[in-house]
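Let me begin by presenting the structure, written as structure tokens, before commenting on it.
Just so you know, ligand 1 is whichever comes first in the structure, and atom 1 is the first atom listed for that ligand. Remember, predicted model here, so these are calculated numbers, not experimental data.
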Amino acid sequence: MTEPHDITAGREVAVAGSVVVITGGGSGIGEATARAFAAAGGRVVIGDLNIEAAHRVAASIGATAMRCDVTREAEVAALIDRAVESHGRIDTMINNAGAIGARGGIAEISEQGWSDTIAILLNSVVFGMKHAARHMIPRRSGAILTTASNASVAALGPHPYSTCKSAVLGLTRSVAAELAGHRITVNAVAPGMISTGLTAALYGGDEATRRKSAEVSPLGDPILAEDMARWFVFLAGPGGRSMTGQTIVVDGGATTVRGPSAHH
Ligand SMILES: NC(=O)c1ccc[n+]([C@@H]2O[C@H](COP(=O)([O-])OP(=O)(O)OC[C@H]3O[C@@H](n4cnc5c(N)ncnc54)[C@H](O)[C@@H]3O)[C@@H](O)[C@H]2O)c1
């Protein structure tokens, strides 16, 4: 029988022994998150277009890796089905794979660039939510998490990137409303600038990107992929059991804090 003060009462939420599927787990935020779940005792399945990178990470943490192009629904479905076949269920889905996508001014944007970016940053999230929900609904348990961006809440990315990351907030709320009745939580983590493969190519390497990350953060330290990993583990576990439809912005205050308060 459950004691009244047992804070883990309710849906099954322990991360240890849980099954987590992470897209883009071969690098950056996804890699740090895969490592954090494995360290917490989770059974991790990584899907990545870069299968060598995914295998390298998986081999070092005892996880499974599978090639998956998240722009293709059948491949996302196959990744999640494989996790369920191997481990009997999926507890946490993390829609994380992404790229910067098409860049340039609104007067120059190409139709192809626009739709390719929507495919990688938005369609992928819809596919991940859909196929995770298919398995979670009958079990009345699960957490669906997505990597948004602080470009979700401020004009920081190229237009298609900002658009997709903003859409993730709406999708997260909307799907959370549907799935709440099935006791499935749906939340997002919105990172600020972190040195990863995605940004290091833009800002001149890892060191320069870390400096830039610290520079744009009012808290003054570079934001790390491991900081996002902690939030994902928290939201997948007991900490996230009473929250759904939310996006946590983890950007050192970059989109909130503007210099010292007028009261100081
Ligand atoms: N780095 C940042 O500053 C930052 C800030 C905010 C949000 N994000 C978001 O974080 C997520 C992870 O990015 P990251 O910074 O760790 O970059 P990263 O380049 O280090 O990792 C991205 C991973 O996604 C994989 N990937 C790319 N296209 C794919 C596809 N079609 N199918 C499957 N896998 C694919 C890559 O192979 C790579 O392993 C992205 O959604 C990105 O938009 C990053």
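- Of all the atoms in ligand 1, the ones that sit under 4.0 Å from a non-hydrogen atom of Met193 are 3 (O).
- The single protein non-hydrogen atom nearest to atom 13 (O) of ligand 1 is Leu198 CD1, 4.0 Å, given as residue, atom name and distance.
- Few gaps surround CZ on Arg67; more than 12 heavy atoms of other groups in view lie less than 6.0 Å from it.
- Ligand 1 has at least one atom lying under 4.0 Å from a heavy atom of Gly192.
- Nearest to atom 31 (N) of ligand 1 by heavy-atom distance, out of Leu121, Asp69, Thr196, is Asp69.
- Polar contact with ligand 1: present for Lys165 (N/O pair, distance under 3.5 Å).
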(message) Let's go through Arg43 and Arg89 carefully: what are the C-alpha distance in whole Å and the side-chain angles of both, what is the deciding distance for side chain to side chain contact (heavy atoms under 4.5 Å, CB included) to 0.1 Å, and is it a yes or a no?
(response) CA-CA 11 Å; Arg43 289 178 281 171; Arg89 62 176 198 270; 3.7 Å; yes
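- Rounded to the nearest 0.5 Å, atoms OG1 (Thr199) and CD1 (Ile194) are 8.0 Å apart.
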(message) If you apply the rule salt bridge (Lys or Arg N to Asp or Glu O under 4.0 Å), what do you find for Glu52 with Arg56, and how did you get there?
(response) CA-CA 6 Å; Glu52 291 79 24; Arg56 180 182 50 79; over 6 Å; no
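- Nearest-heavy-atom check against atom 36 (C) of ligand 1 across Ile51, Asp48, Leu49 picks out Asp48.
- The contact set between ligand 1 and Thr199, taken as ligand atoms under 4.0 Å from a residue heavy atom, comprises 1 (N), 2 (C), 3 (O).
- Against a heavy-atom cut-off of under 4.0 Å, Gly28 is close to the following atoms of ligand 1: 16 (O), 20 (O).
- The pair Arg230-Glu226 does not count as a salt bridge, with every side-chain nitrogen at least 4.0 angstrom from each carboxylate oxygen.
- Looking at Asn96, Asp251, Val250, it is Asn96 that brings a heavy atom closest to atom 40 (C) of ligand 1.
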Please list every donor-acceptor pair under 3.5 Å in which a side-chain atom of residues 72-80 meets a protein atom from a residue at least two apart or in another chain.
unit_1, atom_1, unit_2, atom_2, d
Glu73, OE2, Lys130, NZ, 2.7
Glu73, OE2, His131, NE2, 2.8
Glu75, OE1, Asp69, N, 2.7

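- Between Gly30 and ligand 1, no N or O atom pair is found at a separation short of 3.5 Å.
- Proximity to Ser27 (heavy-atom distance under 4.0 Å) selects the following atoms of ligand 1: 16 (O), 18 (P), 20 (O), 21 (O), 38 (C), 39 (O).
- Side-chain contact annotation: Asp48 with His55, donor-acceptor N/O pair under 3.5 Å absent.
- Leu224 and Met193 fall into different hydrophobic clusters, defined by Ile, Leu, Val, Met, Phe, Trp and Tyr side-chain heavy atoms under 4.5 Å apart, directly or through other members.
- Residues Val44 and Ala38 come closest through the heavy atom pair CG2-N, 3.8 Å.
- Residue Ala99 places no N or O, backbone or side chain, under 3.5 Å from any N or O of ligand 1.
- With respect to atom 3 (O) of ligand 1, the closest heavy atom belonging to the protein is Ile194 N, 2.8 Å.
- Nearest heavy-atom pair, Ser166 versus Ser152, reported as atom, atom and distance to 0.1 Å: OG-O, 3.4 Å.
- Ligand 1 lies nowhere less than 4.0 angstrom from a heavy atom belonging to Ala53.
- Under a 4.5 Å side-chain heavy-atom cut-off, the cluster of Ile, Leu, Val, Met, Phe, Trp and Tyr residues that includes Leu169 is completed by Val153, Val249.
- In this structure, Ile137 is a member of the same hydrophobic cluster as Val21, with clusters built from ILVMFWY side-chain heavy atoms closer than 4.5 Å.
- The nearest heavy-atom contact from the protein to atom 32 (N) of ligand 1 is Val70 N, 2.9 Å.
- Residues Val189 and Leu145 form no side-chain contact, since every pair of their non-hydrogen atoms from C-beta on lies 4.5 Å or further apart.
- Applying side chain to side chain contact (heavy atoms under 4.5 Å, CB included) to Val70 and the options Asn96, Val125, Ile120 leaves one that passes, Ile120.
- Among all protein heavy atoms, the one lying closest to atom 44 (C) of ligand 1 is Ile29 CD1, 3.7 Å.
- For the residues Gly157, Ala225, Ala148, Gly24, the heavy atom positioned nearest atom 24 (O) of ligand 1 is part of Gly24.
- When only interatomic distances are considered, the shortest N/O to N/O separation between Gly47 and ligand 1 does not fall below 3.5 Å.
- Looking at Gly98, Cys164, Ala190, Ala119, it is Gly98 that brings a heavy atom closest to atom 27 (C) of ligand 1.
- Taking a 4.0 Å cut-off on heavy atoms, Ile120 registers as neighbouring ligand 1.
- Considering each of Pro191, Ser213, Ala201, the one bringing a non-hydrogen atom nearest atom 6 (C) of ligand 1 is Pro191.
- When only non-hydrogen protein atoms are considered, atom 33 (C) of ligand 1 lies nearest to Cys68 O, 3.0 Å.
- Under a 4.0 Å criterion applied to the non-hydrogen atoms of Tyr161, ligand 1 contributes the atoms 6 (C), 7 (C), 8 (N), 9 (C), 42 (C), 43 (O).
- Each of the atoms 9 (C), 10 (O), 11 (C) of ligand 1 lies under 4.0 Å from some heavy atom of Thr147.
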